[in-house]
Structure formats: C-alpha cells, structure tokens
Amino acid sequence: MPQRIELLTILPFPGYPEWQFRLVDRVRQLDYVSSTVFGLGDDRNVVNVRPDFYSYWQKIDARLFAVDSEAAGQRGYEELASDTSGGRTACQQVFRKLDNLADAVEGDAYDVILWLLPGFPPRQLLAKARLGVWSLSSVKNDGLGFWELVDGLPMVTCELFSSDSNPARHRLLGRTFAKTNHLSLTKTLRHVRAVDETLVISKLNDISQGEASTVRLAPAEKRLTEKIGRPGPIGLLAALSKLYGRYAKNVLTRQFHGNQWQLAYRFGGERLSQDGLTRLAPDEVGDFWADPFVVRRDDRTMVFFEEWESSKSKGRIVAMEIEPDGSAGQIQPVLECDFHLSYPFLFEHDGELYMIPESADAGRVEAFKCVEFPHRWEPHAVLLDNIRAFDATLVHHDDRWWMFASVQHNGNSTCDELWLFHATGPFDEWTPHPANPISLDLRLARPAGALYINDGELYRPAQDCSERYGYAISIQRVLQLDLERYREETVDQIMPDWADDIRGTHTINQAHGLTVYDCYARRRR
C-alpha cells in the first residue's frame with residue numbers, strides 16, 4: 001500500500017501562475033496525498049512587483065510566439081474549491097503576513113511543505129514538516145532560462161531542494177534538465193514548468209513507495225550556468241543583441257546549407273561500430289529518411305523507415321530491400337495516414353508481423369498487421385488511446401510484454417519523460433508502471449531503437465537530445481525490470497562524430513546481420 005502523504009502547498013496571493021495551478025491539480029489527483037493549499041500575500045516574499053523592461057520583453061516574446069504568458073496566465077483561489085472526493089482535501093486559507101501563516105501551521109501536521117513563492121523558504125516554516133520544506137530552483141531564480149537562452153546553452157537545469165531547521169538535512173532532492181528553445185524564453189519556460197511538475201510528482205511517488213532515500217539526480221555536479229536573476233535595462237539590451245544576432249546569422253547560413261536525416265547501414269561487424277557504413281539520402285535537401293528498422297521475411301532483408309516529404313509536411317512509412325551484396329533496392333511506400341507517421345517499430349507474434357509506427361498526432365499507440373509482405377498493412381489494435389506517446393518500443397521479457405515510450409503532456413517536450421507499460425500479451429490491456437516516469441532526463445528518455453540481449457543482459461538504446469533533438473545515442477543496461485521497479489545505467493554512447501558532416505544520430509537497430517543507423521547530416525543547398 002502506498003504511504004499517505006500530508007502536503008501543504010503555499011502559493012502567492014492574490015494570484016498565482018497557471019503552471020502552479022496545474023501542479024496543485026495533479027497533486028490533488030494522487031490518491032495517496034492529502035493536499036492543503038495556503039496563500040501568502042506578504043510583500044517581503046514578492047520580488048519585481050513593478051513592471052520593468054525585462055517584464056515588457058517577456059510579454060512581447062509571448063505574443064510573438066503565440067504562447068500564453070506565464071505572467072498573464074494567473075489563477076485565483078476560487079478555482080481551488082474544496083474537494084473531499086476520494087478522501088482528498090484541498091481546503092485553503094489566505095494570510096497577509098508570514099508570521100500569521102507560520103503560526104497557523106501546526107508542527108508535524110504535514111510531511112512536506114511545498115514553497116512556491118520567490119526566494120528561499122522562510123526559517124519560520126523549516127521545523128514544520130517532517131520531510132522538509134521543498135522549493136524549486138525555477139521559482140527561486142526569476143532569471144532561470146534567460147541566461148541559458150542568451151548563451152546558447154541547450155538545456156536549463158531544474159532542481160528540487162529540501163530545507164530543514166537542521167542544516168545537515170538540507171539537500172538536493174532531484175536534478176534534471178529542460179530543453180532550451182533556441183529563440184523564445186516563453187517556450188523555454190513552458191518546458192521548465194512541465195519538468196518541475198513531474199519532478200515534484202516523482203519525488204512524492206518515491207516517498208509514497210517507501211523510497212524516501214531515492215534521489216533522482218542527473219549526473220552533473222552543478223548548474224549549467226551560474227548566472228542568476230533577471231538583467232537590468234543595459235544588460236537586457238546587450239543580451240538580446242547577442243541572442244538575435246546569433247539567430248540572424250543562423251538564418252543567413254540556412255540559405256546556403258541545410259540539415260537532412262539520412263540512412264546508414266552495414267552487413268556484419270559489431271553492433272555499436274560505425275565502420276564501413278553505406279549512406280543513402282533523398283535528393284531534395286528538404287526531404288529526409290530516418291528511424292530505420294530491420295526485418296527478414298520471405299528470404300528478403302527489408303529496412304522500414306520514415307520518409308518525410310517537405311511538400312506534404314508529414315511522414316509516411318516506406319521500405320527498401322538490402323541485397324546480400326549490400327546494394328539497396330527501390331523504395332516502396334507501405335503505410336500512409338492522414339496524420340504523421342514515423343519510427344516503424346516491428347515485432348513478430350504468433351508467426352505474424354506487426355508494426356507500431358509513431359502516431360502521436362492521432363493521440364494513440366496503434367499496431368498494424370502485415371497482410372502482404374512488405375507493402376500491405378491493416379489496422380489491428382489500439383494499444384493505448386488518448387495519449388501523446390512517441391516511439392513506442394516493445395520487448396518480451398520474463399514472460400511479460402513491456403512498452404517503453406516517451407510521453408508528452410502539460411507542455412513538456414517530446415524527449416523529457418520515459419514511461420513504461422506492461423501487459424500479459426501485446427494486444428491485451430496495457431497497465432502503466434507505478435514508477436512512471438521511469439526516466440525524467442532528456443538525455444536518456446526517448447527510445448532510439450529496439451531493445452536487445454547481449455551476453456544475457458538486456459540493453460535499451462536511448463536518444464540523447466541534450467545538444468539538439470536526436471543528437472546522440474546512449475546505450476542503457478537494464479538492471480531491474482519488474483512490476484514495481486525499473487533501474488538502468490549508461491554503459492556506452494554513440495556520438496555524431498563518425499563523419500565530418502554529421503550533426504546527430506538517433507536510431508540504431510540490428511537484425512539478421514544488418515546494422516542500420518540514421519544520421520543528421522549537413523548538406524549544401
């Protein structure tokens with residue numbers, strides 16, 4: 001049974017950002033959490049009350065990129081009406097002074113206090129929660145995301161802290177990263193807020209499962225930048241000149257060069273070796289081929305992959321035969337829908353061949369059955385519905401079927417969260433794993449090909465999307481996979497350095513002696 005958690009969340013009064021409402025709402029849906037909300041309107045805990053040049057620029061940025069501004073998306077306390085359904089509570093009070101709030105919080109009444117106001121948690125609260133007062137780096141630092149954007153850093157460090165009256169118990173509960181949008185702070189902060197939400201939920205889940213000592217830490221000793229706080233008028237001008245100057249340079253460069261996903265393959269050799277690869281690419285720079293999978297059937301070795309045609313602005317699944325001498329046959333279309341398709345994961349079951357293409361735009365994970373190899377497929381079963389799941393990858397392990405997929409929700413990127421599902425058979429009901437998300441790290445979350453066995457151990461290829469989408473491949477050794485736990489460790493990496501023109505590689509598969517990769521290559525227009 002999950003351990004119940006008494007949680008007090010303290011929000012700014014009279015209004016609080018949209019993302020904090022989403023976080024409180026998600027917490028209230030957890031059966032093992034009793035949630036109480038207090039508001040605090042003490043001016044000592046409010047920074048940058050008056051609009052400044054930075055605030056005006058933020059509003060312009062939000063308008064330019066058609067994304068609701070965090071500042072504009074304010075919620076009121078009337079929207080946090082009491083909810084006693086399911087044993088959950090959400091009564092709230094509003095305090096004008098910090099001392100009054102502190103007096104109202106009884107000692108040991110709460111397991112966790114979540115402080116969502118700017119600045120560090122006040123000392124008056126530090127002894128009031130059994131597991132400490134939690135705070136997020138993004139709330140403490142109102143310049144978070146801006147300096148990463150300006151300096152061209154690919155990620156923003158997201159951290160969850162616990163403070164206690166005993167300094168020895170101050171600790172970092174979790175650290176992970178959110179994707180930096182290369183041009184917009186508003187879009188960057190959407191990723192940060194979504195990652196923050198999941199970081200808090202994941203830690204609450206750890207505690208409820210009796211894993212209070214579990215720390216979700218990304219292997220980084222410190223934040224990617226030490227710059228904090230918002231800039232003044234002169235600093236803002238200099239920073240924006242740097243940001244938009246870099247953007248203008250990139251626009252100019254794209255007039256002469258383009259980047260394109262291509263295929264690479266080889267018969268024989270080690271799985272993780274890139275020696276002797278043959279590369280294939282579409283003629284048009286705006287088109288690409290990616291996500292290759294291999295299957296051998298009817299004495300034919302076929303590579304299935306995504307073909308993106310810029311004229312259609314969506315992907316379809318095509319296939320190409322690779323002859324024993326390494327020569328490639330003609331490309332033939334095999335599956336096209338009204339929505340985008342990619343990542344054609346292939347598996348066999350009871351002698352039949354099935355494909356699960358990525359179809360997140362349709363809001364489901366769907367399997368197609370091959371009725372005439374290789375070019376005729378028909379819908380067979382919807383495995384998951386009403387979900388934006390990317391790159392679903394199945395494996396049959398220990399008499400059970402497991403599905404790994406990157407799940408997008410609440411404004412996070414497509415590479416932030418790895419979810420795990422299990423079923424007795426591939427077309428039976430799929431159950432979410434209790435530890436979801438099993439990975440909250442854009443360097444490891446998104447699948448990069450089929451899992452495989454080597455020397456009796458199970459390995460999972462994962463995308464490293466830190467520098468850019470599909471930058472590199474991380475090889476994860478699965479240490480524990482059961483109905484309660486999932487653990488893995490990084491044992492190898494495939495970097496995009498096996499040719500001078502390559503900028504990324506994000507899929508690897510091997511079957512029947514044929515190894516296939518894709519690569520993101522630079523080409524002249």
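Each residue takes its place number in the sequence, starting with 1. Because the structure is a prediction, the values reported are computed rather than measured. Hydrogens, waters and symmetry mates play no part in the numbers below; they use all other heavy atoms, side chains included.
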Charged N to carboxylate O under 4.0 angstrom, Asp151 versus Lys227? yes

Other residues, nucleotides and ligands only: do more than 12 of their heavy atoms fall within 6.0 Å of CD on Glu270? no

Report the residues that fulfil side-chain contact (heavy atoms from CB on, under 4.5 Å) with Glu457, sequence neighbours left out, ordered by chain and then residue number. Tyr459, Arg477

SB check Arg460 Glu488 (cutoff 4.0 Å): yes

Classify the ring geometry of Trp377 against Phe304: parallel below 30°, tilted from 30° to 60°, perpendicular beyond 60°. perpendicular

So, Glu417 and Trp419: side-chain donor and acceptor under 3.5 Å apart, yes or no? yes

For the rings on Phe427 and His380, is their centre-to-centre separation under 6.0 Å? yes

Output yes when Asp142 and Arg230 qualify as a salt bridge under the 4.0 Å nitrogen-oxygen rule, no when they do not. yes

Side-chain polar contacts of residues 282-290 - donor-acceptor pairs under 3.5 angstrom, sequence neighbours left out - could you list them?
unit_1, atom_1, unit_2, atom_2, d
Asp287, OD1, Ser310, N, 2.9
Asp287, OD1, Ser310, OG, 3.2
Trp289, NE1, Glu307, OE2, 3.4

Got a salt bridge between Asp464 and Arg443, using NZ or NE/NH1/NH2 to carboxylate O under 4.0 Å? no

Between Tyr54 and Phe146, ring centroids under 6.0 Å: yes

Excluding sequence neighbours, so at least two apart, what forms ring-ring contact (aromatic ring centres under 6.0 Å, His included) with Tyr486? Phe404

Taking the ring of Trp402 and the ring of His396, is the distance between their centroids below 6.0 Å? no

Within a radius of less than 6.0 Å around CG of Asp497, do more than 12 heavy atoms belonging to other residues, nucleotides or ligands occur? yes

In the structure I gave you, are the side-chain heavy atoms of Val303 and Tyr265 within less than 4.5 Å of one another anywhere? no

Enclosure of Glu348 CD (heavy-atom neighbours >12, cutoff 6.0 Å): yes

Does any part of the side chain of Arg75, heavy atoms only, come nearer than 4.5 Å to the side chain of Glu18, both counted from C-beta? yes

Give the ring-plane orientation class for Phe345 versus Phe347, where under 30° counts as parallel, over 60° as perpendicular and anything between as tilted. parallel

Around atom CG of Asp385, are there more than 12 heavy atoms of other residues, nucleotides or ligands at under 6.0 Å? yes

Looking at Lys314 and Glu336, is any side-chain nitrogen of the basic one under 4.0 Å from a carboxylate oxygen of the acidic one? yes

Pair Arg388 + Asp361: basic N to acidic O under 4.0 Å: yes

Out of Thr393, Leu383, Leu420, which residue meets the side-chain contact (heavy atoms from CB on, under 4.5 Å) rule with Met403? Leu383

